[in-house]
Structures are given as C-alpha cells and as structure tokens.
Amino acid sequence: MTHVSPVCATPTEIEFELVGNLARSRGTTVESASPQDLYQALALTVRDHLVDRYIRTTEAHYAANPRFVYYLSAEYLLGRQLGQNLLYTGTADVARSALEALGVDPADVAALDIEPGLGNGGLGRLAACLLDALATHDIPAVGYGIRYDFGIFKQAFQEGAQHERPDDWAYYGNPWEFPAPDDQQRVGFYGSTEPGEGGRGTWTPGEVVLGEPSHMLVPGYGTGTVNIVRLWRARAARESFDLSLFSAGQYGEAVEAIVREEKISKVLYPDDSTELGRELRLKQQYFLVACSLRDIIRRYRLRNDGWDAFADKVVIQLNDTHPVIAIPELMRILVDEEGLEWSKAWSITQRVFAYTCHTLLPEALETWPVWLLRRLLPRHLEIIFLINHLFLQQVERLHPGEPERLRLLSIIEEGGEQRVRMAHLAVIGSFAVNGVAALHSRLLTETTLRAFADVLPHHFHNVTNGISPRRFLLVANPGLTRLVSQRLGGSEWLRDLDRLAELESAVGDPDFRAKWQAVKRRNRQELAQYALTATGVSLDPDALCDVMIKRFHEYKRQVLRVLHVIVLYHRIKRGDLAGVVPRSIVFGGKAAPGYHAAKRVMRLANVVAGVVNADPDVAPYLKVAFLPDYNVTRAELIIPAADLSEQISMAGKEASGTSNMKLALNGALTIGTLDGANVEIRDRVGAENFFLFGLDAADAAALRAGPYNPRSYYEQDYELKAAIDAITGGPFAFDGGDILVGDLLGYDEYLTLADFRSYTDCQDEVARVWRDQDEWTRRAILNVARSGFFSSDRTIRDYCRDIWRAVPVPPKEA
Ligand code: 26Q
C-alpha cells in the first residue's frame with residue numbers, strides 16, 4: 001500500500017482555483033458571490049484535487065485487469081462530502097485560510113454542504129463505510145445504486161408526532177456528481193415471452209426505460225486510490241414520446257408515459273414491512289440490477305473476451321435481498337442473449353454472486369407475489385421457476401422422499417398466494433452467504449436459514465460489520481483524533497485501527513485522562529449548543545450524555561429507554577436521589593411513516609421530554625433532547641459527545657447494529673443486551689467495561705415460546721407500575737398512550753417488561769461508576785483502545801480473504 005502524503009496546495013493556490021471556479025462555473029466574482037456560489041465553487045475546487053487520483057486509479061485498473069468487487073445496494077448513506085474530501089486531500093487547512101483571506105466564514109460554506117440521504121439506516125451507512133475501506137485499501141471496486149431524486153424523508157415533530165417532508169437533497173445541484181450520459185442502459189419491463197430450446201426463451205418487453213448513470217468519487221484515505229459509486233437515474237426513452245398524441249395537441253396525455261417511467265428513481269422507499277408488495281419498489285430493484293449488470297459486462301469487455309474469465313474477474317456482492325433479481329437477470333443475459341448452455345450459465349452465475357443478509361426477523365425477509373413478477377418480469381419468473389425446479393431435484397436426489405424439506409427450501413412459498421422468497425433465491429444463486437455479526441451468522445444457520453445450512457453448509461460465513469474510522473473519528477471527532485494522534489505519533493492509525501491498542505498504556509496517565517475528559521466535555525458543549533438551537537432544550541455539558549440513536553423499531557425497544565427515564569423522573573420528584581446522576585438523554589431516529597406502533601413510542605419520548613424539561617425540580621438532574629431528523633450529519637455531532645451508548649434490543653433480534661461500534665470508538669461505554677455485535681464488543685472491551693443486562697437470545701426465545709405474562713412484571717415491580725400508570729392516566733398521557741400500554745401489558749412482543757428490572761438496576765450501576773470520573777474515563781479509554789476490530793478496514797479484509805478473493809491494486813504515485 002502506498003501512503004500518499006496529502007498536503008499538495010497552498011492557500012494562495014486554493015484561493016486562485018476557487019476564484020477561477022467561481023468565474024467559470026458560477027459566472028460570478030467573490031464580491032457578488034452568494035453563499036451557494038461559494039459552496040459550489042469550493043466543492044469543485046476540492047473535487048479537482050480528487051480527479052487526478054481517480055484518473056490514475058482507472059489507469060492502474062486498466063493495466064492490471066484485476067478482479068473487481070461490485071457492490072450492489074439499493075441504499076447508500078454517504079454523508080456530507082465537503083469535510084471528508086478536504087481532509088482526504090489534505091486541503092482542509094489551506095481552504096480555511098483561503099476562505100478567510102476572501103472574507104468568507106468557512107462555517108457558513110460548510111453548512112451548505114448537502115447530505116445525499118439515499119438510504120434508511122444501518123444497511124445504507126454500512127455500504128458507505130465498506131466503500132470507504134475498499135478505496136483506502138486499494139481494492140478495485142465499484143458501488144452501484146439508485147440516484148433517488150428524493151432521499152429519506154426529513155423528519156419534524158408536531159406536538160411530539162413525527163411529520164415527514166420530502167428530501168430534495170440535490171435541489172441546488174450536486175457538485176460531487178459526474179454525469180455519464182454516454183453509458184446509458186435500456187431496461188425492459190412487462191411484455192411477453194416465447195419459449196425456446198434448452199431452457200432458453202425470448203422476452204419482448206412492453207416498456208423500455210433508460211438508466212442514466214452518474215458517479216460520485218470515493219476516495220481512499222492515505223492512498224492514491226479513488227473509486228466510484230455509480231448511481232442510476234431513470235429517463236424516458238425517446239419512443240415514449242407519443243408523437244400521435246403530441247401532434248393532436250394532447251400534450252398532457254403525451255407526457256404521461258414519460259412521467260411514469262421517470263418515476264422509477266424518484267423516491268427512496270422508507271423501510272416499511274406493511275408497505276411491501278408495491279410494484280414501483282420491484283421496478284426500482286430491477287432497474288438497479290439491469291443497469292448495473294450491463295455496466296459490469298461492458299467494463300469486463302474492455303479487457304476480456306468471451307465468458308470463461310467472467311467469474312474470475314467479477315464478484316458481485318448483494319446487499320440484502322434488494323438486488324437479488326440480479327441472479328435471474330444474469331441467467332437471462334447468458335442463456336437468452338448470449339446463447340450459453342443453461343448449466344454453463346448457472347455455473348458462472350453461482351460463482352459470481354455473494355449475498356449478505358442483514359436480518360433475523362422472518363417477517364423482514366422479502367417476498368414478492370408470483371402474479372406481480374409474472375406481469376412485470378415474465379421471463380425472470382420463468383427462470384426463477386426453472387432454477388427452483390433444478391435445485392429441488394438436486395435436493396430430492398440427496399434426500400429422497402422428504403417433501404417437508406423441499407417445502408422449506410423452495411424459492412416459492414405455497415399456501416395461499418404463491419410468493420417468491422428472495423432470500424432463498426439469493427442463497428441458491430450465490431457461492432457465499434454471510435451474516436453481519438458472529439451471533440447473527442450463527443442464528444441464521446440455526447433458525448432463519450436453517451434448512452439451507454443443512455444442504456449447503458459451506459455457503460455460510462460470518463463477516464462482522466465495521467465502521468469507517470475516517471468518517472466517525474477523523475471527520476466527526478477532530479478533538480479525539482488529535483489526542484490519539486499525539487499519543488500514537490502521527491495519523492497512520494486511522495488506516496490501521498488495531499494500533500489503538502497502544503492507548504492501553506495511557507489509561508494510567510492522569511494527564512492523558514484529563515485531556516480525554518476535556519475533549520469529551522468540549523464535544524458535549526458543541527452538542528448542547530446544537531440541541532439548544534434545534535429544540536430549545538438546554539443540556540448541561542457536565543452531565544452524563546446518554547445516547548440512543550437508531551431507527552425506531554419495536555425490537556430495538558426505545559420504549560424501554562423511555563420507561564427508565566420516567567423512573568428517574570419519579571425518583572427525582574420524590575427526592576430519592578441515591579442512584580441519580582445528572583444526565584442528558586439524547587434520542588435520534590426516524591420511524592417508517594406507516595409504522596404506527598413505532599410512532600407511538602416516538603410520541604411518548606417527546607411527551608416525556610416536554611414534561612421533564614419543563615419541570616424545574618428535575619432540571620439539575622435530567623434533560624431529554626429528541627433531536628429531529630437524525631442523519632449522518634447529525635450522527636457526526638452526537639456520537640463524539642456520547643458517554644453512554646444504549647444498545648438495548650431484545651436479544652436475538654438485532655443483526656449487528658453499527659451505532660454500537662461508532663459510539664464505542666468515540667469513547668462511550670455500552671449498556672446493552674447480548675445481541676448483534678454487542679456480544680463481540682463486550683468480548684473485546686472486557687466484561688468489566690460493559691454494562692450488561694437482560695435475557696440472552698436463548699432465554700428470550702424460550703420465554704417467548706412459553707406462556708408469557710407481561711402483566712405479572714407490572715404488578716410486582718412498583719417502579720415499573722408507576723411508570724406505566726403515568727402513561728395511561730398521569731403526566732405522560734397522550735393520544736395513543738392507551739394503545740401503547742395495552743400492547744405492553746397484553747403481548748409485549750419484545751419482552752420489554754421482562755427486561756425492565758435488569759435494565760433499571762444496570763442503569764443504577766452506570767450512575768455509580770459515573771460518579772467516579774477517573775474510573776469512568778479509564779473504562780472509556782479501554783473501550784477505544786480495544787475496539788480497533790470494528791474498523792470497516794477489518795471488515796473489508798475479511799470479505800477479501802473469505803469471500804471475494806480480491807487483492808489491492810495501488811495506483812502509481814503522482
Ligand atoms: C424492503 C422492502 C421495501 C422497502 C424497504 C425495504 C427495506 C429497506 C431497508 C428493508 C430493510 C432495510 C434496511 C435494513 C437495515 O438497515 N438493517 C440493518 O443493517 C445493519 C447493517 O448490517 C445492521 O447493523 C442492523 O442490525 C440491521 O437492522
């Protein structure tokens with residue numbers, strides 16, 4: 001790996017380039033430039049510093065003709081680009097000086113940077129962290145995705161309830177994007193098929209839409225590699241312009257087809273299990289897949305002939321089931337269009353795809369009605385049926401006379417409406433399947449995908465998720481980054497996070513601990529300042545900053561967090577202060593718009609925040625800030641300030657979690673269950689530095705399986721009873737509160753009441769340790785020192801070694 005020294009410009013040079021870009025791309029001067037002009041021109045200036053590297057990267061790739069990793073994902077949460085790219089090109093300081101020399105406040109320009117919110121949550125941010133690590137380690141890779149015009153909705157609260165607004169993130173243009181209209185692809189939908197010989201068929205689509213790509217640069221840190229993420233946008237094909245209608249003056253009717261076709265990339269679907277089965281969503285998935293596969297084949301053909309080398313030069317990672325229609329699409333291309341034998345095509349296909357599963361919840365496994373596929377993608381459905389038939393035949397030969405086994409394995413779900421199980425198609429059509437944390441991968445083979453683990457045992461892997469230390473330390477937490485760099489000597493550790501282990505020797509150093517505490521306090525101050533302007537809540541920068549940031553979902557149990565806040569409130573009100581330390585409770589997260597149960601919890605959190613924050617009796621001890629519109633930008637502000645990381649899902653439900661890693665690496669201690677990657681965090685940081693509570697996955701499953709009576713916990717625990725009663729009749733009553741309480745006392749699907757006492761007692765232990773600031777800081781430092789494993793660089797190493805067989809191709813130095 002080459003280490004590129006990033007400093008490559010002086011303030012005067014940057015100033016010169018900036019003024020030039022203002023003139024050439026915005027047609028204006030410094031004196032008359034608007035803030036938007038300045039932002040766009042600065043972005044172009046920084047971008048120019050990456051383009052040389054990008055060109056050298058493509059040259060190195062062309063020369064080496066290496067194996068490429070193609071990451072297919074319906075979602076990317078890349079975060080803001082300006083700060084990152086300034087740091088990766090080493091132009092941050094010079095750009096600041098240049099702006100100041102021009103009389104411009106750098107903060108005003110930075111505030112205009114866009115966040116492409118092209119994802120929902122963990123899965124989308126993981127894709128961005130993996131791309132960052134791929135580039136940082138010089139792995140030839142391209143990310144493929146959809147360029148939604150509207151990203152994840154913007155969240156606001158009205159009387160505590162979530163309101164959604166559209167996110168037109170590129171309204172003023174996206175300066176980080178390079179359009180490539182010459183690489184357009186044609187994508188068919190609907191239509192009819194005709195059978196041919198040997199499994200072949202001919203598909204005549206009834207509608208053709210164009211996919212137009214643009215790409216954003218994905219720079220590596222400390223290396224010359226710049227990869228790309230290629231995003232597709234739908235454009236109506238010329239033939240969609242209905243000339244007869246047009247000449248008849250029926251302009252409205254004439255453009256209807258265009259509007260319908262361009263709708264495909266209009267909006268990101270917010271994750272919502274109740275809204276599945278929507279045709280447009282399936283169209284998006286196929287659109288992404290058809291465009292990307294065509295592009296992958298085009299790229300392959302630049303340096304290779306025939307199909308024999310395809311599976312050596314190409315590996316395609318499927319980010320969950322969303323792009324799994326790629327499997328029958330590649331079969332269709334190889335068999336129908338390229339004329340390969342079915343068995344040859346199948347062998348190529350199975351060697352090309354690998355699939356990452358991100359869930360354990362059976363209800364979250366994607367299925368599509370057979371009738372819908374038949375209508376939208378008739379040829380793909382035929383291919384899926386044939387894949388299924390041949391696979392089940394093979395199983396039948398190995399395990400004759402076991403119809404139940406066949407039923408469990410089949411791609412087609414029978415009984416009622418026939419549906420296609422995309423996860424089954426993914427497992428059958430790929431050479432590797434991985435879960436995203438050790439526990440998750442084990443449970444996948446024991447429960448959710450058990451039937452497949454029996455017949456394809458060598459398919460299954462674990463690749464524990466990781467996060468980009470560049471994004472979540474260097475960009476988000478400059479204070480801590482500086483402190484660590486001082487101690488370790490230089491910033492090389494940002495590419496080799498195991499080196500954080502060297503911090504262990506610093507825990508005993510009072511001077512280092514004091515500096516650590518000062519960094520944390522400064523970060524809490526900055527968060528407090530933001531919280532005040534965003535919500536009017538004033539947080540005490542010396543209070544324990546207690547953070548829960550993630551999508552609102554019942555299994556994640558934000559309601560457990562709120563119940564404990566009510567307990568604290570009650571204790572403070574009655575003067576029972578023995579276990580109370582001043583705390584700032586911080587929430588961030590969105591709920592899918594149609595997910596009413598999650599929205600009730602959100603409402604409750606806001607109601608509790610309102611009462612608590614208005615009560616002068618509790619003000620010295622407790623504040624609750626629910627920061628609206630949680631996104632990557634907000635994460636970068638909240639995470640560095642956090643002291644306590646809430647990872648309290650019902651054990652066995654969270655596949656991995658990644659905020660747990662981000663928070664641990666920023667020096668927060670975790671309070672958590674043995675779920676997802678919490679297990680591995682605890683193994684590494686040491687049980688004594690982790691606040692563990694609650695049922696484990698086996699206990700939880702056993703309790704769920706037997707008769708479970710949540711009401712008995714309520715009746716036997718006066719603090720729990722008081723907290724719940726305060727929602728039905730007391731100060732925290734709200735419209736919907738009765739339903740929420742009814743759910744808890746009636747079913748309590750996620751065992752919140754069963755874990756309540758253990759959680760509350762564990763929080764008392766948190767408070768006890770917090771009182772000893774030296775001890776707390778010691779534990780925080782150890783958490784960071786021992787969390788190097790959770791770098792996405794390690795994740796990429798695991799993928800490269802166990803799944804991708806990909807090796808670095810560093811570009812030549814400039
Ligand atoms: C599916 C169909 C229709 C519309 C939307 C969706 C959809 C969209 C997004 C379904 C799921 C998602 C996102 C899932 C997700 O973010 N999962 C999380 O992935 C993280 C990265 O592996 C894990 O850390 C989390 O545990 C997991 O919940």
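These numbers come from a predicted model, not from an experiment. Atoms within a ligand are numbered from 1 in the order they appear, just like the ligands themselves.
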Gap between atom CG of Asp132 and atom CG of Asp793 - 0.5 Å precision: 7.5 Å

Winner among Gly122, Gly119, Gly435, Gly676 once heavy atoms are compared against atom 20 (C) of ligand 1: Gly122

Gly657, any N or O under 3.5 Å of ligand 1 N or O: yes

Residues Glu417 and Arg419 bridged, charged N to O under 4.0 Å: yes

Arg551, portion touching ligand 1 at heavy-atom distance under 4.0 Å: neither

Any Arg125 heavy atom less than 4.0 Å to ligand 1: no

Geometric class of the Trp232/Tyr144 ring pair [parallel <30°, tilted 30-60°, perpendicular >60°]: parallel

Contact (N/O only, under 3.5 Å) between Glu366 and ligand 1: no

Phe552 and Phe626 aromatic ring geometry - parallel, tilted or perpendicular at 30°/60° bounds: parallel

Candidate list Pro213, Ser214, Ser265, test side-chain contact (heavy atoms from CB on, under 4.5 Å), partner Arg233, passing option: Ser265

Ligand 1 contact by His322, heavy-atom criterion under 4.0 angstrom: yes

Pair Lys556 + Glu654, salt bridge at N-O below 4.0 Å: yes

Contact check: Leu123 vs ligand 1, nitrogen or oxygen atoms, below 3.5 angstrom: yes

Test of proximity, His358 against ligand 1: N or O pairs below 3.5 Å: yes

Mutual orientation of the aromatic rings belonging to His553 and Tyr555 [parallel < 30°, tilted 30-60°, perpendicular > 60°]: tilted

Glu654-ligand 1 polar pair, N/O distance under 3.5 Å: yes

Ion pair Glu115/Arg80, N-O distance below 4.0 Å: no

Ligand 1-proximal atoms of Glu75, by part, heavy-atom distance under 4.0 Å: side chain

Flag for Ser645-Gln647: side-chain donor and acceptor within less than 3.5 Å: yes

Enumerated ligand 1 atoms positioned under 4.0 Å from heavy atoms of Tyr555: 28 (O)

Element-labelled atoms of ligand 1 that are located less than 4.0 Å from some non-hydrogen atom of Ala655: 26 (O)

Asn465 contact mode with ligand 1 (heavy-atom cut-off under 4.0 Å): side chain

